[in-house]
Amino acid sequence: MSAVIRAELARVASALGAAEAPFVLERPRDLGHGDLATNLALLIARERKANPRKVAAEVVAALVLPEGVVEKTEIAGPGFINFWLAGDQLAAALGAIVRAGDAYGRADFGRGVRVNVEFVSANPTGPLHVGHGRGAALGDGIAALLEETGHAVTREFYINDAGVQIDRLVESLWARIQQQRGVPAALPEGGYQGEYLSEAAERALVELEPPLLAGSREAATPALRRFILGQQRKEQDELLRDFGVRFDQHSSEQAIYDSGRIDVLLAELDAKGLTYTHENALWLRTTEFGDDKDRVLRKSDGTLTYLVPDLAYHRDKHERGFDRVIDVWGADHHGYIPRMRAALRALGYPDEFFEVALVQLVKVVKGGEEVRMSKRAGDFVTLRELLDWVGSDAARYFFLMRKGETPFVFDVDLARKQTDENPVFYVQMAHARLSGIFRVGGMTPEQVGDSAELAALTAPEDAELLKLLIRFPDQVAGAAREREPHRITGYLEELARSVHYWYHHCRVLGEPEATERSRLVLARAARQVLRNGLTLLGLSAPDRM
RNA sequence: GCGCCCGUAGCUCAGGUGGAUAGAGCAUCAGCCUUCUAAGCUGAGGGUCGUGCGUUCGAAUCGCACCGGGCGCACCA
């Protein structure tokens, strides 16, 4: 129905000589401003230097709408035109929500677009910390939103399993193993101190051949490397599974080296004349593509900078056919974005191909104090500890309720609270309460059907709740376009508030037949929307709490 | 010094890509239990949207300058 109004507004606009006016027809925030509002008259008035309210009157006079679409039209404020939709269309919208069920909120504007969302991508040198948890929640949330809007999504984890950090990790493990065998050994310079390596050493002593561990470090290195990378990977996988995140693909930095993709990349850049040698180092002309300085590809000592495998990796993603790549990075890497973008431009990829979602630091507060240390990991709080404290639902919700690029204080005590102060609890409780109505009524939500009479929904709270439910698909689409899952948590809190309010003011069971039946359909629809929103974000929608 | 992000109620934060009287939660204060979960609900107070100019019919939103905070400026990863 909004399409009908939009088309008619466009017709009127061109009749008034403003065919190009980029007017909007949107749902106003304020319910007192009707169901839909347009700024068309304001735009025309701007061009004509005329009085906006007079123009609005002109527009309204010119509008020709079919019967039964709009109940009331009003000119308001500086010249907005507000529309109140006819009531039976609200009832129809209610039925449509119920019939769509789990699919309500889905869209298909992403159909045919292949997106790779790469997130977490933690170094395999230690346990995942809370920052990785935030990245995991955000990456998975963005991926889910894109899927919900029709995109073909691949969730990917990039393993930095090459380089000096891994050598240091293996050396550290070797030292711990020797210490446990009673042989004095010191951790290498810049080695890994955390207790998790001692645990890994214990397992290594059980699982690996004793002669190997008693021999030279050089001889044991390949086996130790395989062992520790496998351990770390397994531990990370288990943790992420407990967090409700699964990946479609893991890609290895070492595999990039082993596959020869590095040489192909360097040859391609060279063929394009984009590299040069200066002071024994090989440089890439990224300044030609918007970077503030050229970047080194191969250092004068012959080794490659990190940019090279990373670029080869992104080139690989492009060759796998993705139209778009979204990398979720820690905000401390933001300075790396311009050079990556420039390098990808150098390869001839369109700017839309590469996108970065930044995640700021997480500070954990418990008992009113910042928690800084983890016994197991050393100088950070692990994701496992956080999950043990608050559970997966609360952790995910909290990470998603703020924009990624703002620093976040995770209040553990709040996340544990079983009261309305805790937003997760508040939203899930709204769902449980609605489920309770059906339980007490001795029926399932499905049994109430999909037909409601608007005339039987007598309270203003009924209509307000329904109008909120109608906004859900717009919220999902907006959140997906902007890669902002926090819009969904915000919406869910608003909806939960509306549900609790409605629940308090409007009886369902025991009301006159038509009202009871219609409110049951409304309750079914509200429960469905809460459930869809929670599920979308990877949270449970409990029927009881 | 250069670049990016941020500054909104006592606190934590929302404020589709310029719209109508700037919102929510917490906290504070005042109320509400014959009710489908009181594990809840209702109401009230509280703001120079960091500051100043500018663009516009209209600015928290866009531009410029300044103040204050964070991060980044590698032949590290």
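Labels below follow one simple rule: chain letters A, B, ... track the order of the sequence lines, proteins then strands, and each chain is numbered from 1.
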Q: I'd like to check the salt bridge (Lys or Arg N to Asp or Glu O under 4.0 Å) partners of D393(A); sequence neighbours left out, ordered by chain and number.
A: none
Q: Could you go through nucleotides 57-62 of chain B and list every protein N or O atom that sits under 3.5 Å from one of its N or O atoms, giving the distance for each pair?
A:
residue	atom	partner	partner atom	Å
C57(B)	OP1	K49(A)	NZ	3.2
G58(B)	O6	R46(A)	NH1	3.1

Q: Under the salt bridge (Lys or Arg N to Asp or Glu O under 4.0 Å) test, which residues partner R487(A), sequence neighbours left out?
A: E484(A)
Q: Taking only residues two or more places apart in sequence or in another chain, which ones pass side-chain contact (heavy atoms from CB on, under 4.5 Å) with E355(A)?
A: R324(A), I326(A), R483(A)
Q: Polar atoms only, N or O, under 3.5 Å: list the protein pairs with nucleotides 26-33 of chain B and their distances.
A:
residue	atom	partner	partner atom	Å
C26(B)	OP1	D420(A)	OD2	3.4

Q: Name all residues meeting the side-chain contact (heavy atoms from CB on, under 4.5 Å) criterion together with S498(A); count only those two or more places apart in sequence or in a different chain, and write none if there are none.
A: L465(A), L468(A)
Q: Can you sort out the partners of A107(A) under side-chain contact (heavy atoms from CB on, under 4.5 Å), two or more places apart, ordered by chain and number?
A: F109(A), T149(A)
Q: Can you name the salt bridge (Lys or Arg N to Asp or Glu O under 4.0 Å) partners of D474(A), sequence neighbours left out?
A: R27(A)
Q: For RNA chain B, report each stem as range with range, ordered by first number, or say none. Use Watson-Crick or G-U wobble pairs under 3.5 Å, at least 3 in a row.
A: B:1-7 with B:67-73, B:10-13 with B:23-26, B:28-32 with B:40-44, B:50-54 with B:62-66
Q: Quick one: side-chain contact (heavy atoms from CB on, under 4.5 Å) partners of E511(A), sequence neighbours excluded?
A: R507(A), T515(A), E516(A), R519(A)
Q: Using nucleotides 10-13 of chain B, report all nitrogen or oxygen pairs with the protein that are shorter than 3.5 Å.
A:
residue	atom	partner	partner atom	Å
C13(B)	O2'	R402(A)	NH1	2.9

Q: Rounding to a whole Å, what distance do you find between Y426(A):OH and A24(B):C1'?
A: 10 Å
Q: Can you run down the side-chain hydrogen bond (donor to acceptor under 3.5 Å, both in side chains) pairs that involve residues 404-419 of chain A, sequence neighbours left out, and say none if there aren't any?
A: K417(A)-E421(A)
Q: How many Å lie between CG on D292(A) and P on G3(B), as a whole number?
A: 10 Å
